[in-house]
Enquirer: 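Here it is, the structure in full.
Naming convention: chains lettered A, B, ... in sequence-line order (proteins, then strands); numbering from 1 in each chain.
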Amino acid sequence: MQHWLMKTEPEQFGITDLERVKVEPWSGVRNYMARANMRAMQVGDAVLFYHSSTQPPGVAGLATVSRTGVVDETQFDPDSPYFDPKATRDKPRWDCVDVRYVETLPHYVELAQMREDPSLKKMMLLKRGMRLSVQPVTAAEYKRIVAMGRKKSR
DNA sequence: GCCAACGTTGGC
DNA sequence: GCCAACGTTGGC
């Protein structure tokens, strides 16, 4: 099983939204590296659900990949901000995965907290200039962040 | 609101 | 195919 981190702006779609809808197609990703990561996903992979562009940013909960090879419908919708005029039904350019709600962590794991943790030093998320919205995490990093989210640390 | 980082676009 | 200009991301 692989582990991933997926960023979302909670104002747009946060962990409480995922909890409500249970399953959500991760549409709207328009970055080739992020797309490649989603294409590498398998059903059952574990996802850290990360809140970005919010104060404070951090991991809010856990999700799982419930379906792969999902066509991103927003590419065909002229009213969507993710509309892609070059995409056709015959030749879609963007696909994604379905993400299923698993749990909201009892303790929100702040980005600053992750930066302070020596065992997360090499984490991709913490690298300078890293803004990839779908990125791999190691099993050890995943485990560590889940542990931080389950126990009170401040 | 700033700005570093980095992806994309388009002229040549 | 290069690369300057421009746009976007996202922490601070």
Enquirer: Closer than 3.5 angstrom, by distance alone: can the side chain of A/Glu19 be matched with the main-chain N or O of A/Thr16 as a donor-acceptor pair?
Expert: no

Enquirer: Just the endpoints, please: which first and last nucleotides of DNA chain C, 5' to 3', lie under 4.0 Å from a heavy atom of chain A?
Expert: C/dG7 to C/dC12

Enquirer: Could I get the full list of side-chain contact (heavy atoms from CB on, under 4.5 Å) partners for A/Arg30, not counting sequence neighbours?
Expert: A/Asp72, A/Thr74, A/Gln75, A/Tyr82, A/Trp94

Enquirer: Main chain of A/Val134, side chain of A/Asn37: is a donor-acceptor contact present, judged purely on distance under 3.5 Å?
Expert: yes

Enquirer: Considering only residues two or more places apart or on different chains, which pairs with a residue in residues 117-137 of chain A satisfy ring pair (Phe, Tyr, Trp, His ring centres under 6.0 Å)?
Expert: none

Enquirer: Quick one: which of A/Tyr50, A/Phe49, A/Tyr142 gives a side-chain contact (heavy atoms from CB on, under 4.5 Å) with A/Leu5?
Expert: A/Tyr50

